[in-house]
Protein chains: 2
Amino acid sequence: MRADARRNYDKILATARIVFTERGTDSSLDEIAKRAGVGPGTLYRHFPTREALVDALMQDWTDRVAADADAAIATGLPARQMLLDWFEHFIDHITLHRGAASKICAAMDDPASPMYRKCRVMSDANRRVIDHLGADGELRPGVDAANIMRLVSGVASVADTSRTELDVRPMLEVVVDGIVRD
Amino acid sequence: MRADARRNYDKILATARIVFTERGTDSSLDEIAKRAGVGPGTLYRHFPTREALVDALMQDWTDRVAADADAAIATGLPARQMLLDWFEHFIDHITLHRGAASKICAAMDDPASPMYRKCRVMSDANRRVIDHLGADGELRPGVDAANIMRLVSGVASVADTSRTELDVRPMLEVVVDGIVRD
DNA sequence: GCTAAAACGGAGAGTGTCTCCGTATTGTTG
DNA sequence: CAACAATACGGAGACACTCTCCGTTTTAGC
């Protein structure tokens, strides 16, 4: 990659991070280009779609999300607590930029999406948590990690969409009660 | 309301119902106007925002949703079954037009939204089901109807967003397990 | 330095939202 | 059944956003 290309790539990404945080992932891409000091053509050459741009930013979290999952497992807390912690961390990450959660919901079951791979990294992290608890017999039989991921992403999406600052905890408690054996 | 106004209002609504069903609630409003044979100005005078138009269409279901809730209660089925039936019916209705579910999620906690009133009708229907089962002691203590509504709307939204035809049943089972006493 | 390859950027085409206001339609009143 | 408000229509057009094309500039290797 040529030096000027790399420079612009980085500038665009840094600007997108700011703008997406300020105004959500549906902000104008031309404006991001302008604020980054590049032409629209340059932005679209590096990131052909909005999803590709969101995907590039996701790199930051996917690693952290995966780490959070493993950290949750390492705590050895009871199933209920471990799941609640993990889910809350997960939701905190994917709602960092307004509008991202629902894009992730959509990409999760769409292998054609640029974001699909990173969704899989997060899905796999979740699977590790679920499998760990499942192996200990702490979960109801038949719990499917993929479905849990969809459900929790749905909670994130609801919280993200909602005008009012919504507490996800009560919803997560219902989900957790639906998962753990009791 | 003048006769010609009423005529156009009805034409726009009928057209919107078709277009929203074909291509979802994010279709072009100008195109709906064109297909209805009216100018854009006329559409926007009757329905100042897209939400107002969706809201007007919702009238059709809110009644049916409320009826479904009462029908579910009347069956007298065990809690698990009653809830699953009710949730599935509810989701079927609000995913009739692609994109509607997430708009409903957003409106549910936003009294300023034109759709808020109709969301309340559906929320109240849900509350009746939950309260009915709660009174019989079939639910876990502390179950909050509003949260359940958000959760189930979230499931609807996930199913609606997903490219692939997603089966909501497994997700609903988790939710139901999280609600019923066992 | 020179040259080919790579990348830039911005004008502009295409699409959608929404408004303004001159024109047309309706219903009421004498 | 005029005639006149009042009401409603509709489409031109301003504005915003997405995305592309291509003439110009920058880079890297020789």
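Only this structure's heavy atoms are used, side chains among them; waters, hydrogens and symmetry mates stay out.
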Residue mapping more 5' on DNA chain C - nearest nucleotide basis, D4(B) or G41(B): G41(B)
Nearest-nucleotide 5' precedence on DNA chain C, P48(B) against R7(B): P48(B)
Enclosure of E165(B) CD (heavy-atom neighbours >12, cutoff 6.0 Å): no
Residue closer to the 5' end of DNA chain D, D26(A) versus R45(A) (nearest nucleotide): D26(A)
Taking atom [atom2] of [N] as reference, at what distance in whole Å does atom [atom1] of [X] sit?
X	N	atom1	atom2	result
H46(A)	dG9(C)	NE2	C1'	12 Å
D10(B)	dA8(D)	CG	P	14 Å
I12(A)	dG9(C)	CD1	C1'	11 Å
K11(A)	dG9(C)	NZ	C1'	12 Å
E51(A)	dC19(D)	CD	C1'	16 Å

Any N8(B) side-chain nitrogen or oxygen under 4.0 Å from OP1 or OP2 of dA8(D): no
Donor + acceptor pair across side chains of H97(B), T25(B) (<3.5 Å): no
Residue pair R181(A), E138(A): steps toward the salt bridge (Lys or Arg N to Asp or Glu O under 4.0 Å) verdict: CA-CA 6 Å; R181(A) 164 171 263 147; E138(A) 298 202 65; over 6 Å; no
Where the side chain of [X] is concerned, which of [options] is the nearest nucleotide?
X	options	value
Y44(A)	dG10(D), dC19(D), dT27(D)	dC19(D)
R2(B)	dA11(C), dA6(D), dC9(D)	dA6(D)
S28(B)	dT18(D), dC8(C), dT17(C)	dT17(C)

No-H, no-angle donor-acceptor pair, R50(A) side chain to dT18(D) base, under 3.5 Å: no
Check: dC19(D) base within 3.5 Å donor-acceptor of D30(A) side chain: yes
